[in-house]
Amino acid sequence: MPRSLIVILIPVFSVAAALLLGAIMLLMLGANPISGFATMLSAAFGSLDGFSATLIKSIPLMLVGVGICIAFRANVINIGGEGQMVLGGLFSTMAALALPGLPPLLLVPVVLLAGIVGGALWGAIPGALKAYFNVSEILSTIMLNIVAVQLMNFLLRGPLIDPGEIERGTRIPQTARLPENSDLPMLVDRLNFHSGILIALAAAICAWVLLWRTGLGFRLRSVGLNPDAARYAGIPVKRSIVIAMMLSGAMSGLAGAILVFGSESHRMVTDGSTMGFTGSAGFNGIVVALFGALHPLWTIPSSILFGGMLIGANSLQRVAQVPSALIIALNGLIVIFVVSTEWHRKRLQAESKVVNEDVVDK
Amino acid sequence: MTDVFTTTIVVATIASGIRLATPFLLAALGEAIGQRSGVLNLGVDGVMLLGAFAAYFVVLDTENVWLGVVAGITIGICMGVLYAVITVFLHAEQGVSGIGIYLFGLGMSDLLFQKLVGTPLPIDQFSEWSVPYLSDVPVIGVMLFQHSPMVYIAFLLVPVVAFILNRTTFGLNVRAVGESPESADSLGVSVRRVRFCTIIAGNALAGLAGAALAIELGIFQQNLTNAMGFIAIALVYFGAWRAPGVMAGALVFGMVGAIVLQAKTLGLIPRSASDIAAMAPAIITILALVVVANRFRQPAALTKPYFRGD
Amino acid sequence: MFKKSLVSFFAAALCSAASMSASAEALKVAIVAPSASNDLAFTQSIVDGVNALKEEFEIEMAITDGTFIVDDAAAAIRDYAKQGFDVVLAHGSQYGGSLKEIAPDFPDTAFAWGTSADTFGLPNVSAYEAMSNEGGYVMGVMAGKMTKSGVIGVVGPIEVGDAKLYVDGFVEGAKAANGDATVNVNYIGSFGDVALAAEAGRSHIANGADVMTGTAQMVVGAIGAARSKDVAWFGTQANQTKLGKKVVVASQVYKWEVILRDIFNDAKNGVLGGKLHKVDLANGGLTIEFNDKYSLDAGARKAGEEAMAAIMDGSLKLSH
Amino acid sequence: MTHSDSQQVDSALPASSIETSLEKAPMLEMCGITKRFPGVLANDNVSFDVRAGEVHTLLGENGAGKSTLMKILYGLYQPDEGELRLHGKPLRLRSPLDAISHRIGMIHQHFMLVPTLTVAENVALGLPSQRGPLTDLKRVSRRVNELSDLYGLQVDPAAFVWQLAVGERQRVEIIKALYRDVQLLVLDEPTAVLTPQEVDDFFTILHEMKRDGRGLIFISHKLQEVMDLSDRVTVLRHGRVEATTTPAQTTRNDLAALMVGRQLDSATRGNRASLTSETPEVFSVNGLRVAGDRGVDALKSIDLQVHAGEILGIAGVSGNGQRELAEAVTGLRPILAGDVLVDGSAITGMTPKKIREAGLSFVPEERMRDGAIGDFSVADNMVLHNHTESQFSSAGFLDFAAIKTHCSKLVQDFNVKTPDLDTPTKNLSGGNIQKLIMARELASNPRVLIAAQPTRGVDIGAAEYIHQRLLEQRDSGTAIMVISEDLDEVMALADRIAVICEGEIMGVLDAGNATREQIGLMMAGVSDAANSQRA
């Protein structure tokens with residue numbers, strides 16, 4: 001019992017340690033850490049406005065995180081969330097521009113599906129490169145992130161640009177306002193709280209069902225844990241790797257679509273970087289998934305926590321003039337602390353299990 | 001007239017490619033050393049950023065570029081110690097902890113810059129150093145021998161790293177540890193010590209790469225490296241974990257960038273297609289990875305923590 | 001229950017720490033901007049503009065800078081409006097799409113955004129823009145006169161908005177002053193890649209450029225290249241002399257206070273928007289600030305000043 | 001049940017008689033060594049010693065504690081209790097480096113060689129160089145050549161290890177030990193990869209090393225070799241010393257009994273299958289050519305036939321194409337030329353899944369790598385290959401109740417000892433994992449079964465059980481191909497024996513009248529023996 005408690009507490013302690021370091025950093029920046037964290041807490045969770053902003057912020061984190069979980073279970077590390085989100089955004093935008101006349105009941109699913117397809121496609125490429133050409137997915141996804149941002153710049157500057165921008169000659173690289181029929185339905189209009197959160201929650205639950213209740217999930221996990229044994233048992237390992245990356249990319253693509261159709265501006269804009277569109281959710285999603293123990297359901301609270309941190313960071317900057325870069329650094333520290341203790345947690349867990357087996361044996 | 005014009009442009013493009021390749025080369029050489037001992041460091045970009053900021057800050061303060069270089073290396077070593085403790089002693093998963101290092105470096109360098117400096121003031125840059133005699137050789141001289149000292153250091157490190165890896169006892173240990181740590185351990189080679197050294201050397205080079213970049217540009221800015229560190233990692237695979245190969249990769253990447261840039265400057269690429277052209281280095285790297293991945297095997301123990309007795 | 005009281009406790013602690021004693025008449029102005037407020041460029045220009053008016057108006061200013069994520073900016077704009085700020089400045093043309101959706105929800109708040117010329121037909125939105133092609137033209141004329149090699153280099157980010165306007169004006173001016181000059185324009189495809197901007201600058205220099213300019217925040221790299229090769233540089237958006245004391249000839253500086261004064265006055269009088277504002281050479285919203293340390297050829301300076309005068313009195317119409 | 005047996009043997013071998021036969025003082029002593037791991041007592045008060053010029057064998061089943069003891073001797077583990085003494089002086093070994101500095105060497109079962117380095121580099125690894133920080137491979141190569149000549153170990157110092165055959169790699173390991181001038185050498189199952197003739201050569205080298213006054217610790221479970229080579233034998237069981245004896249004072253059967261803890265029945269071999277010309281040929285391989293990992297052909301056009309109700313044994317030294325053969329016929333390795341037929345229809349080039357559907361089952365040689373997923377539960381591993389069948393899943397969703405029912409039956413049928421079906425498979429013993437795999441592969445009553453190294457590393461009890469199940473399966477009409485490097489196993493199980501060497505079948509013998517010598521020659525590549533047999 002105490003040992004299993006330790007197993008649960010280790011990641012909590014590691015986050016606490018990272019936050020402690022964050023507090024020290026706040027002190028060195030001349031801000032009161034207690035009031036600093038209080039600002040963050042109250043901004044993110046202290047009001048209905050704040051909490052709805054936190055939930056909205058957590059949507060892309062949750063979806064990317066769930067995608068990371070799926071890929072990771074198949075032993076694929078998907079660092080291409082950024083690019084996949086961009087492609088998801090582009091595909092869904094194109095669908096909305098191509099089919100403006102559809103009723104909302106049809107158009108919303110269509111644009112989301114287009115986003116899923118875009119992300120899945122961008123995920124399938126590194127998956128196939130890994131499966132069939134033995135190219136490390138870590139590298140190909142990084143390169144494809146670079147390609148994706150240029151593709152976005154090209155499309156938003158050229159073929160997809162708002163005709164009004166050409167007329168006025170300002171040429172801001174953004175699309176026209178997308179058809180209202182494609183807006184994500186609002187849950188609470190006043191808070192701009194849209195239904196994307198329901199989609200993300202559904203996706204997380206679906207991912208859990210997929211991984212632990214279906215044959216496909218069974219195969220993905222077996223490929224992840226032991227590709228050799230999976231191959232011997234007749235499971236198509238290469239195809240499974242591609243599928244895992246496709247599913248992972250699909251989640252990111254969906255996140256990209258929700259970013260576009262749930263945004264204030266209801267259009268896709270680029271500032272020339274991926275970050276400007278994704279807010280680094282493609283990377284932060286890795287942190288979220290990791291903190292959620294690479295489990296789709298644990299990713300839900302994890303993403304809400306990190307969404308809150310980002311919202312809190314924005315307000316910290318506004319109120320206490322502490323650059324929000326602090327939160328990026330803090331996220332890095334959390335990753336470092338969690339990963340560093342992970343092995344010891346697993347070892348403790350394994351040891352407690354071995355002891356239990358002995359008891360059962362006798 | 002046109003002949004001279006063309007030669008000038010070719011020379012300038014090649015020189016530009018060499019310059020663009022330099023920070024990649026420094027970072028990639030460091031990464032290659034680490035990977036030969038079986039350690040993947042995805043945090044290069046973060047370390048480069050911290051090295052760049054440290055160098056910028058020190059040069060801003062002291063107006064001595066070489067102190068800046070030292071600062072960059074020092075911060076690299078510190079980050080190396082951190083990463084070595086995480087991965088070698090605490091057995092952390094290398095892919096994810098590297099992302100942690102990256103995020104930490106990205107945020108921390110920006111935070112420190114905003115708090116300690118704020119306004120992006122320029123700093124002293126390297127002055128070009130022409131190699132005596134060689135720089136006077138027509139064509140080749142301008143192309144190869146009129147650069148900032150960092151360029152020479154980076155390219156001289158290529159044979160040095162190759163020599164260390166292939167001809168020294170330490171290099172032998174590194175190669176053995178990266179391929180078969182249990183064999184090395186059974187012969188009394190300390191896997192931990194070797195990896196500790198390679199990680200620190202690799203991160204020191206990443207810090208140096210950042211310093212070289214900041215001083216070369218004479219400025220610091222949030223996310224100055226713009227994912228250069230990640231590309232450096234890709235170049236290690238491109239170069240099949242060998243110093244000359246890494247150099248070739250960095251040069252190809254730099255040259256493609258320089259050619260695209262030159263073509264844009266001369267208006268050879270229509271402006272509407274400039275985004276498409278900017279994809280070229282990434283796409284070429286992916287294609288190269290496809291070729292390399294089937295020809296060369298990565299160090300067998302890459303990314304695998306070593307536990308004695310398993 | 002406990003949670004709520006805890007939060008309110010912290011909130012109270014916070015307010016006492018952060019809030020200033022604002023008098024009832026103080027004009028509450030909020031700025032949302034993409035880069036750092038001390039960036040010696042676009043964002044700093046608007047902050048300086050508001051600060052310049054602090055003597056005329058009693059202003060309570062709040063800034064959210066470094067907001068390159070459009071939706072974060074939108075959230076900040078909405079948040080400031082909710083908090084009851086009188087004027088909310090959305091300082092980035094990429095924020096327009098969001099503002100168009102937000103402004104109708106807050107009919108009592110005055111919004112202004114730029115650089116743009118579009119108020120979306122909304123009564124509480126003003127748009128402001130800088131006729132940066134005018135200063136670009138003036139500096140282009142000087143560059144055309146100055147160049148000895150006959151090659152001028154321009155480093156741009158992406159060919160859009162304010163950057164495009166400035167570059168187009170500069171090229172027009174250079175060509176007007178020196179028909180034989182070659183003006184090489186290189187949009188590097190990024191607002192952030194300093195290293196690439198530096199190499200683009202070097203690429204211009206290698207191609208013979210002896211005068212350069214450029215715009216957007218990544219040009220600090222190109223200025224570094226100019227500095228290391230002693231190539232003349234023309235700056236824009238803010239006074240860039242600090243970035244290269246020996247090479248910066250002159251900078252086009254945005255004086256937003258010229259139009260902000262109107263916007264603030266309107267807001268006080270209950271006119272919340274619907275207007276277009278422009279800073280240009282004629283209204284003093286754009287100025288050319290010369291670097292005293294740079295010994296500029298008198299002829300070139302004279303040609304520039306003549307062009308400036310011609311633009312100001314309307315005798316010279318630019319193609320934009 | 002176990003203690004009475006061991007006591008009997010002990011009383012038959014009074015300690016005094018051992019003392020008289022070897023009077024020299026021990027070179028190395030391990031006194032009262034105890035080593036615990038979470039949940040396991042690996043060594044329990046073990047005492048063991050070696051004298052100069054002696055071969056002292058350590059005998060025991062897998063998990064008896066041999067490797068733990070040797071890892072302590074090599075500084076890889078620290079004992080919890082007990083001490084080591086070298087030449088009477090206490091010895092503390094904190095790392096292999098300490099062991100090496102005391103001239104203790106070890107040849108591991110899995111060779112500790114870096115494949116991408118040359119022989120000379122492998123030898124030089126870990127040693128100080130004469131040229132300071134620089135390597136001195138010329139000097140090393142010279143010394144390697146000298147040692148080769150002295151002990152008759154032909155090895156090219158400039159060759160890369162990956163280019164070498166298994167036997168050559170072992171020579172490199174011996175040269176590494178000789179180069180370090182070890183006074184004490186541990187050899188962990190060194191003969192597993194050698195032909196019977198190579199074993200003879202190898203023993204000659206060991207005798208040479210004994211004559212030099214070196215102490216040798218020999219770990220093996222091949223009782224005949226142990227009897228031939230050892231000066232003394234210590235048997236370990238459950239982490240404790242069961243007995244220390246000499247070959248002169250014991251028999252193979254006694255050693256086996258000590259090792260297992262009970263008297264073993266004499267080999268329970270059923271009747272040989274009676275084949276007639278009418279017995280249908282169920283599985284055949286025609287002109288099969290397959291590439292190896294290094295691009296060279298691993299199999300050069302081989303032909304094999306297996307009839308219904310027959311076991312064909314494939315004998316050969318490890319690394320002669322056995323693995324490639326198993327992988328090729330099960331669809332895991334591309335086939336360059338030739339055909340594989342099940343019941344007369346070709347399965348060549350099909351996916352592993354299709355091949356399984358055609359009635360072919362497969363027990364892979366590396367059970368933890370290829371046979372089962374350690375982190376999966378027992379139940380999950382039982383349906384790894386057929387979870388898509390309609391009995392276990394509908395509309396893509398798994399039916400866990402049906403899977404559980406199916407598995408608990410198999411677990412009972414095959415006597416798999418597991419606490420429950422949700423236990424991670426890696427927590428089971430090797431024997432039970434192998435039984436699990438057998439259960440899975442035989443559940444569908446396949447037409448053809450390929451079993452590679454079915455009992456390697458499995459305790460003797462489980463091995464007996466597995467042999468029994470294979471024979472039963474044969475009797476029910478399945479065509480079985482057993483690939484094994486353990487010649488005893490092949491000779492005990494097979495109805496016919498095919499010998500493979502360098503990717504070629506040297507001949508097929510009738511198991512009833514084949515001799516070890518004959519097979520040994522064929523394993524070494526001599527096919528004449530087979531020719532005379534074929535008539």
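Tested against D:Leu134, the residues B:Leu172, B:Thr169, B:Thr168 include a single side-chain contact (heavy atoms from CB on, under 4.5 Å) partner, B:Thr168. When the options B:Lys304, B:Glu179, B:Arg175 are evaluated for a side-chain contact (heavy atoms from CB on, under 4.5 Å) with B:Pro299, the one that passes is B:Glu179. Of the residues listed (D:Val119, D:Leu125, D:Val123, D:Thr118), the one engaging D:Glu121 in a side-chain contact (heavy atoms from CB on, under 4.5 Å) is D:Thr118, and it is the only one.
When each of D:His110, D:Lys176, D:Arg131 is scored by its heavy-atom pairs under 4.5 Å with chain B, the top score falls to D:Lys176.
Neither the backbone nor the side chain of D:Asp136 has a heavy atom closer than 4.5 Å to any heavy atom of chain B. Proximity to chain B is absent for every atom of D:Leu137, based on heavy atoms less than 4.5 angstrom apart. Heavy atoms of D:Ala124 lying under 4.5 Å from chain B belong to its backbone as well as its side chain.
Around CZ of B:Arg167, the count of heavy atoms belonging to other residues, nucleotides or ligands within 6.0 Å does not exceed 12.
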